[in-house]
Amino acid sequence: MRIETLSLDLLDERHSPFLLYCDKVRGSKMTTQVQALYDFAGEPGTTEMSITCGEILTLINTEIGEGWWEGRNAKGETGLFPAAYVRKLTPEESTPTMAKIAPAAPRYDQAADEWGEQQYSAGDNNYQRGASHEDGWDDDWDDDTYSEIGPASQQNKAQYNQQPLAPLPGMPINDYNQHIDDTASTFSSVGTVRKSKFAPSSKVSGESYLLGTLNVEVSDTEKVYIIQDEDGYAWSPISQPYHVTVASPKKESKFKGIKSFIAYQLTPSFNNIQVSRRYKHFDWLHERLQEKFTLIPIPPLPDKQISGRYDEQLIERRRVQLQEFVDWMCKHPVLSKSEVWQHFLTCTDEKRWKAGKRQAERDNLLGLNYCVSLVVPEKALLQSQVDHITEQCNTFLGSMDSSVKSLTNMCIAQTKRFQGPYKSDCQKIGEAFYNLGNALSLDEGTIVSTSKLTSAIKMTGGAYIEIGRMYEEQPKYDFEPLGDKFHLYKGIVGSFPDCLANHKAAVQKKRECERLTAEHKMEVAQLNEVLRRTDVISYALLAEISHFKSERTVDLKATMQKFLKQQITFYKKVVDKLEATLHQYDE
């Protein structure tokens with residue numbers, strides 16, 4: 001007998017045993033269930049659904065993209081939740097869900113009449129849904145959810161370890177099976193998921209390079225040269241300088257308005273072809289750069305922001321800080337030529353984009369392994385001199401870190417003062433003078449001089465009120481740009497100690513090899529290779545120290561000049577305003 005298509009509202013207790021029997025005969029699952037590993041609080045007024053640890057949900061749709069799944073809870077409520085917060089149940093763990101189907105509320109993308117018209121075909125065991133799933137190129141990216149999975153109980157951790165690892169927060173679901181074997185030590189502490197998802201540790205990478213077990217061929221075009229100049233050692237300079245403009249941030253949406261985001265337009269000067277990138281695209285790039293270049297401090301991105309992220313002022317500040325990031329990348333001799341950066345700047349084709357993205361995530365030359373690409377002078381370095389330079393650098397970084405943080409905080413404080421107390425004080429002064437003028441106007445009579453005095457006093461009040469507005473607007477010309485610049489330096493200076501630590505680990509490994517050679521446990525020839533490779537790592541660090549010094553000298557000079565010029569311009573305007581008011585009394 002042919003099984004006809006049945007409406008969902010007819011699937012009650014009478015039909016469900018028969019359908020379950022049909023499903024069993026056909027050997028397919030009618031539903032997939034998941035269990036919540038963590039609590040998740042959905043944002044009120046959105047399509048997100050709150051879930052609690054241990055809750056069983058029926059999976060509706062895994063093709064939402066961006067690390068989100070859609071499901072239904074026991075109350076019949078449907079909504080979106082992070083895929084990383086749940087695990088799929090095995091058929092043995094699943095509970096029968098078709099024995100009784102409660103009427104459910106319409107889904108977020110359906111009207112009430114659409115829900116009632118949904119059909120279930122017992123012949124093919126598939127729900128026939130009217131919703132379409134957009135397959136934009138952003139579907140392969142992490143979501144704009146920046147809070148990592150919170151503390152989990154020991155019970156949750158045990159459940160996590162017993163099951164195949166769930167995708168990490170933001171990890172594209174399609175990449176999950178491909179990368180799961182490469183993700184080791186998921187918990188760096190109890191209940192905390194590591195941010196890095198693809199790269200082995202730099203320590204392991206360093207050993208494979210130092211001991212010569214890394215078997216990777218590097219083409220001539222991929223080689224990076226370190227040269228000796230009058231100031232020491234430096235990266236070979238950029239042969240064709242270029243710049244990139246970050247402009248036109250605008251709010252866009254996808255999935256029929258379910259997800260909103262800000263897209264920034266990047267235009268490289270070498271081709272003038274505009275590409276659109278979201279903040280999370282920058283975030284993905286930043287992670288790739290940090291994994292690959294462990295001897296180069298990567299400039300920071302703007303601070304991550306969730307609430308109020310569509311405020312115009314916040315969007316502009318983020319654009320400015322993204323421009324600082326891009327400018328530093330363009331001026332770096334190594335980062336500016338890196339393949340992942342060039343792909344980020346130029347790719348406009350969806351298929352090429354995804355292919356390049358996966359290629360970057362499978363890069364073998366990560367961490368100290370990247371040093372196989374370096375071509376350095378033949379001269380052997382004196383370890384004592386290298387140690388002296390690195391110790392000086394470490395001392396400098398400690399002092400610089402404190403100074404940069406202090407200056408950044410000062411810029412924030414001055415901005416608040418200009419827009420708060422300074423503005424308010426000027427306006428209070430202006431109102432006081434204006435009220436005096438109003439009082440005098442009540443007893444002017446017909447005396448012309450008295451009338452002019454009253455007018456001049458009122459204009460004085462107006463001048464101070466206007467100066468108050470000038471104070472409010474001024475920070476965006478001086479203290480905010482200065483703060484953005486030192487946000488950049490705060491990130492670079494904060495990352496530099498990790499570079500020194502990676503170099504120090506390589507030196508320690510070299511000394512261990514020297515000890516093994518003294519104990520006749522390592523061949524002299526092999527030790528010489530280790531010494532040479534350690535020198536390559538040292539050359540890279542020395543080149544980066546030199547680059548940072550030369551770059552900041554030019555950059556900070558221009559920054560301070562611009563800041564002081566804006567300050568002078570501002571206070572000249574204040575003086576001009578007061579002088580113009582003063583002339584009113586001469587008349």
Side-chain angles (χ1 to χ4, degrees), residues 144 146 243-250 262-267 277-283 285-286 289-290 297-332 335-336 341 344-345 397 400-420 422 470-496 547-548 551-570:
D144 276 329
Y146 299 117
H243 64 272
V244 176
T245 302
V246 182
S248 306
K250 57 183 179 179
I262 301 297
Y264 298 85
Q265 314 310 312
L266 279 69
T267 308
R277 297 290 182 260
R278 296 168 58 179
Y279 180 88
K280 64 178 181 180
H281 299 163
F282 281 93
D283 202 32
L285 170 70
H286 197 267
L289 293 169
Q290 284 182 315
I298 306 302
L301 295 175
D303 292 331
K304 295 174 180 177
Q305 179 82 16
I306 297 297
S307 61
R309 56 181 172 170
Y310 300 136
D311 178 78
E312 289 185 7
Q313 186 177 7
L314 185 147
I315 292 172
E316 176 58 20
R317 287 296 302 280
R318 175 170 280 188
R319 185 202 67 78
V320 171
Q321 292 186 0
L322 288 175
Q323 185 68 65
E324 291 286 354
F325 168 81
V326 166
D327 288 345
W328 191 272
M329 289 290 298
C330 292
K331 291 184 288 186
H332 197 285
L335 301 179
S336 63
W341 169 244
F344 176 84
L345 285 182
L397 290 172
M400 184 72 172
D401 183 63
S402 176
S403 299
V404 167
K405 288 178 180 177
S406 175
L407 201 146
T408 303
N409 291 335
M410 179 274 292
C411 290
I412 295 173
Q414 285 298 313
T415 297
K416 290 181 178 179
R417 289 192 181 103
F418 267 63
Q419 296 175 340
Y422 294 172
M470 291 165 58
Y471 268 100
E472 183 180 30
E473 290 293 315
Q474 183 58 24
K476 67 182 180 182
Y477 301 111
D478 46 30
F479 283 109
E480 286 185 0
L482 187 66
D484 292 335
K485 177 63 70 175
F486 280 93
H487 170 82
L488 174 80
Y489 279 95
K490 184 173 70 172
I492 293 174
V493 171
S495 300
F496 228 119
H547 171 76
F548 180 50
E551 195 62 37
R552 73 172 183 265
T553 300
V554 175
D555 195 37
L556 290 181
K557 176 183 176 181
T559 298
M560 293 306 300
Q561 287 175 330
K562 181 178 179 181
F563 171 76
L564 290 172
K565 287 178 180 178
Q566 289 294 336
Q567 285 270 289
I568 292 169
T569 300
F570 170 69

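Because only heavy atoms are used, hydrogens play no part in the values below, and waters and symmetry mates are left out as well, while side chains stay in.
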### Residues in side chain to side chain donor-acceptor pair (under 3.5 Å) contact with His332, at least two apart in sequence or another chain
Glu544
### Query
Within a strict 4.5 Å, meaning less than it, do heavy atoms of the Val320 and Glu480 side chains meet?
no
#### Entry: Geometric class of the Phe325/His286 ring pair [parallel <30°, tilted 30-60°, perpendicular >60°]
tilted
### Backbone N/O of Pro297 and side chain of Gln290: donor-acceptor pair under 3.5 Å
no
### Query
Pro475 versus Gln419: any side-chain heavy-atom pair under 4.5 Å?
yes
### Message
With a 4.5 Å cut-off on side-chain heavy atoms, are Tyr264 and Leu322 touching?
### Response
yes
### Message
Could you check whether any side-chain heavy atom of Phe548 comes within less than 4.5 Å of a side-chain heavy atom of Val493, counting everything from C-beta outward?
### Response
yes
### Task
Using the ring of Phe282 (Phe, Tyr or Trp, six-membered ring only), decide whether Arg278 places NZ or CZ under 6.0 Å from its centre and within 45 degrees of its axis.
no
### Query
Does any non-hydrogen side-chain atom of Tyr477 lie less than 4.5 Å from one of Phe570?
no
### Task
Output every pair passing side chain to side chain donor-acceptor pair (under 3.5 Å) with a member in residues 405-416, not counting sequence neighbours, ordered by first then second residue.
Asp401-Lys405
### Summary
residues 557-568 vs side chain to side chain donor-acceptor pair (under 3.5 Å), sequence neighbours excluded, gives Asp478-Gln567
### Query
How are the rings of Phe344 and Trp341 set relative to one another: parallel (under 30°), tilted (30 to 60°) or perpendicular (over 60°)?
parallel
### Task
Begin from the C-alpha positions of Leu556 and Tyr489 and carry the test side-chain contact (heavy atoms from CB on, under 4.5 Å) through to its verdict.
CA-CA 10 Å; Leu556 290 181; Tyr489 279 95; 3.7 Å; yes
